[in-house]
Amino acid sequence: MESFVRLISMVPLFLLLGLPFALAGHDYGQALSKSILFFEAQRSGYLPHTQRVTWRANSGLQDGKASGVDLVGGYYDAGDNVKFGLPMAFTITMMSWGLLEYGKQMASSGELSHAMDAVKWGTDYLIKAHPEPYVLYGEVGDGNTDHYCWQRPEDMTTDRHAYKIDPSNPGSDLAGETAAAMAAASLVFRHSNPAYANELLSHAHQDELLWAAAWLYQATDNQYYLNYLGKNGDVLGGTGWGMSEFSWDVKYAGVQTLVAKFLMQGKAGGYASVFEKYQEKAESFMCNCLGKGNKNVQKTPGGLIYRQNWNNMQFVTSASFLTAVYSDYLSSAGRNMNCASGNVSPTELISFSKQQVDYLLGDNPRATSYMVGYGNNYPQQVHHRASSIVSIKVNPSFVSCRGGYATWFSKKASDPNLLVGAVVGGPDAYDNFADQRDNYEQTEPATYNNAPLFGLLARLSGGHGGYNQLLPAVAPAPKPVVTQPKPTPQPKVTPAPAASSGPIAIEQKLTTSWIANGKNYYRYSTIVTNKSAKTLTDLKLSISKLYGPMWGLTQSGDSYVFPSWLTSLAAGKSLEFVYIHSSSPADVSVSSYTLA
């Protein structure tokens with residue numbers, strides 16, 4: 001991300017009939033497969049044996065080491081080798097949203113497991129980046145030194161400093177997006193990997209910005225987050241800002257669309273009048289995209305949304321996803337939408353989404369596909385370090401910082417490695433495009449360009465399918481793949497004899513394990529259940545033999561109490577906390593409690 005060279009400002013973490021529309025022309029299924037494959041080229045860390053982009057190799061293996069934390073993994077977000085937390089989290093949120101809305105269509109295309117793998121590669125990293133409460137690492141690498149060099153990730157010699165937010169260095173924008181990403185992804189894995197989904201939620205309960213609150217409400221149905229959306233919509237801009245863009249840096253249109261969905265689902269509770277204001281602004285965005293609002297978006301002569309010279313395509317894919325999903329919300333609710341220039345049907349919204357995607361795939365004045373590897377005419381000189389330099393597997397000779405510029409950046413030839421599925425920045429305001437490696441505004445790809453296409457291309461490929469988009473959204477489980485991993489030594493785990501203190505039951509289980517630097521590590525999930533017929537309050541737990549980080553409880557002196565977002569447990573309800581250490585399960589017992 002050539003122009004993004006600063007750490008983001010720091011401020012804490014938190015069946016109706018199908019539409020009468022025939023989708024044809026482009027092979028959206030092929031485009032979907034390629035758009036997902038791009039994420040494998042962006043991987044940092046130890047690559048798995050299932051890696052399909054074979055010209056890449058392991059990289060960034062010391063990330064976080066200087067700070068005493070493991071930050072290996074995640075994604076390089078664009079054509080550079082920096083890992084920026086805010087765009088990465090937004091990328092994961094948008095991939096997850098697409099899976100939740102159109103997972104059935106994605107399963108039909110055979111890409112569901114690949115898409116879920118792409119999400120999990122990102123969330124595994126976000127978990128690492130949140131090693132303890134109130135600490136979140138938001139960037140690895142330095143934009144200035146990285147952009148001074150042109151090296152493939154496997155060779156990079158640039159500064160890999162890790163930047164974090166904490167109580168002394170707050171950053172609510174980063175924290176809120178990371179919370180949203182984990183909450184959205186928890187829904188993706190709720191059926192196929194519930195323990196992992198719960199772990200993601202335990203990390204997500206950290207922030208209360210509108211975007212995070214909307215996803216946490218969708219993931220938990222917790223009235224706290226509904227109240228937050230209802231009470232803070234005005235002061236935080238959710239009900240006041242009418243937008244004409246949606247991106248990793250400006251998310252109002254996204255939260256307005258989600259809250260409008262809650263309203264149409266009948267989940268607004270006592271905040272219906274407030275949620276109607278959110279919906280009014282959501283529909284203002286849709287109208288502006290169609291050119292039928294009061295603040296219409298600019299478009300190129302060929303009809304593409306145009307926001308800015310640098311990486312304009314990010315605004316195209318994100319807006320097209322919102323108009324597509326909102327079309328299906330309206331269809332499921334059996335209603336149309338009113339714009340300044342008249343009534344708009346769901347069909348008109350999905351038609352707009354399709355037109356924008358078709359332009360991206362080649363239906364434009366230049367007949368150029370802005371997705372690398374799709375069609376016959378696509379960018380050949382992508383502004384991307386890894387794809388523009390010969391693979392280390394072909395030529396292992398070291399590529400130096402400045403030598404890469406002299407030998408590879410300035411080379412007027414096609415990239416030696418095809419960056420399949422990458423969506424580049426795209427044309428200017430007049431549909432012009434220069435396929436040159438130094439033209440980073442137009443030829444650099446980014447993960448957040450591709451992320452909204454997960455759901456959008458699945459929708460265009462699979463159609464509406466008769467699904468009611470207002471039903472609870474949980475991604476389907478992919479078909480199981482039989483593997484035989486090497487066994488990892490595991491401690492003998494006795495599910496903490498459902499340690500029961502009268503009406504309170506405690507059950508522990510081992511959820512995963514791994515080896516790092518020759519040492520075995522284990523992640524445990526602990527469920528505390530109120531088995532009484534009364535509400536449980538003032539719970540205090542005693543935890544001993546704990547030798548690592550823990551999430552989901554708050555330490556108070558020598559005891560552990562409810563986390564900040566929870567004050568009681570209703571009859572029959574449970575809470576979960578997780579911890580990681582290199583030993584057998586910790587000893588967890590009840591010290592005191594109150595039943596009311």
Side-chain angles (χ1 to χ4, degrees), residues 21-39 41 94-95 98 102 105-106 108-111 114-115 118 289 297 299-307 311-325 327 349-384 387 414-415 418-435 442-464:
F21 189 80
L23 303 174
H26 283 284
D27 188 339
Y28 300 117
Q30 180 192 122
L32 172 63
S33 299
K34 292 178 184 293
S35 71
I36 296 172
L37 187 61
F38 166 65
F39 284 87
M94 293 308 297
M95 289 193 291
Y102 302 115
Q105 290 94 325
M106 207 170 288
S108 298
S109 74
E111 290 295 334
H114 289 142
C289 288
V297 300
K299 293 178 183 174
T300 69
L304 185 73
I305 289 176
Y306 181 78
R307 179 72 185 175
N311 192 15
N312 182 67
M313 204 61 80
Q314 63 178 306
F315 304 103
V316 175
T317 59
S318 58
S320 300
F321 174 80
L322 286 190
T323 52
V325 78
S327 165
L349 278 171
I350 193 66
S351 297
F352 168 81
S353 300
K354 179 181 182 297
Q355 180 268 325
Q356 294 294 299
V357 171
D358 288 350
Y359 183 111
L360 185 157
L361 295 177
D363 291 358
N364 54 65
R366 288 180 48 86
T368 296
S369 166
Y370 295 105
M371 177 182 285
V372 177
Y374 180 89
N376 298 315
N377 181 28
Y378 50 80
Q380 302 291 324
Q381 296 185 32
V382 181
H383 184 93
H384 190 273
S387 68
S414 299
D415 294 335
L418 189 63
L419 194 61
V420 174
V423 174
V424 298
D428 66 14
Y430 305 98
D431 300 302
N432 298 315
F433 178 78
D435 185 10
Q442 293 189 322
T443 63
E444 185 175 23
T447 57
Y448 44 88
N449 295 6
N450 279 61
L453 290 175
F454 273 41
L456 182 54
L457 289 169
R459 169 64 174 86
L460 295 176
S461 175
H464 187 278

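When all heavy atoms of Ala324 and Ile350 are compared, the closest pair comes out as CB-CD1, 3.7 Å. Contact between Gly426 and Tyr370 at its shortest, heavy atoms only, is CA-CD2, 4.0 Å. Nearest heavy atoms, Met106 versus Ala458: CE-CB, 3.9 Å. Residues Ser320 and Ser353 share a closest heavy-atom pair of O-OG, 2.8 Å. What you find for Asn312 and Ile305 is that their closest heavy atoms are ND2-O, 2.8 Å. Residue His384 comes nearest to Pro445 through the heavy atom pair CD2-CG, 3.9 Å, listed as atom of the first residue, atom of the second, then distance.
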Could you give me the CA-CA distance, side-chain angles and deciding distance for Tyr359 and Val316, then say whether side-chain contact (heavy atoms from CB on, under 4.5 Å) is met? CA-CA 10 Å; Tyr359 183 111; Val316 175; over 6 Å; no

Apply side-chain contact (heavy atoms from CB on, under 4.5 Å) to Thr447 and Phe38, showing your working. CA-CA 8 Å; Thr447 57; Phe38 166 65; 4.3 Å; yes

Tell me, with the steps shown, if Arg307 and Val297 meet side-chain contact (heavy atoms from CB on, under 4.5 Å). CA-CA 8 Å; Arg307 179 72 185 175; Val297 300; over 6 Å; no

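When atom types are taken as modelled, the side chain of Asn450 and the backbone of Ser35 share a donor-acceptor pair closer than 3.5 angstrom. Looking only at distances, a side-chain donor or acceptor of Gln442 sits under 3.5 Å from a matching main-chain atom of Asn432. A donor-acceptor pair under 3.5 Å is formed between the side chain of Gln380 and the backbone N or O of Tyr378. Here the side chain of Asn449 pairs no donor or acceptor atom with the backbone of Thr317 at under 3.5 angstrom.
Inter-residue side-chain proximity for Leu32 and Ser461 is flagged as unmet; no heavy-atom pair is nearer than 4.5 Å. By the 4.5 Å heavy-atom criterion applied to side chains, Leu304 and Gln356 are counted as neighbours. Looking at Tyr102 and Leu456, their side chains never come closer than 4.5 Å, going by heavy atoms from C-beta outward.
For the atom pair OG of Ser109 and CG of Leu457, the computed distance is 10.0 Å after rounding to the nearest 0.5 Å. Atom-to-atom distance recorded for Ser369:OG and Asp363:CG is 10.0 Å, nearest 0.5 angstrom. Atom CG of Leu419 and atom OG1 of Thr443 lie 11.0 Å apart (nearest 0.5 Å). Between the OG1 atom in Thr323 and the CZ atom in Phe352 there is a gap of 5.5 Å [rounded to 0.5 Å]. Between atom OG of residue Ser327 and atom NE2 of residue His464 there is a gap of 7.0 Å, rounded to the nearest 0.5 Å.
Residue Met94 forms a side chain to side chain contact (heavy atoms under 4.5 Å, CB included) with just one option from Phe321, Phe454, Tyr448, and that option is Phe321. With Tyr28 as the partner, the side chain to side chain contact (heavy atoms under 4.5 Å, CB included) test is satisfied by one option alone out of Lys354, Arg459, Gln105: Lys354. None of Lys34, Gln30, His26 except one satisfies the side-chain hydrogen bond (donor to acceptor under 3.5 Å, both in side chains) rule with Tyr374; the exception is His26.
Scored by the side-chain contact (heavy atoms from CB on, under 4.5 Å) test, Asn377 finds Thr368 as partners (sequence neighbours excluded).
Under 3.5 Å, the side chains of Asp431 and Asn364 contain no donor-acceptor pair of N or O atoms.
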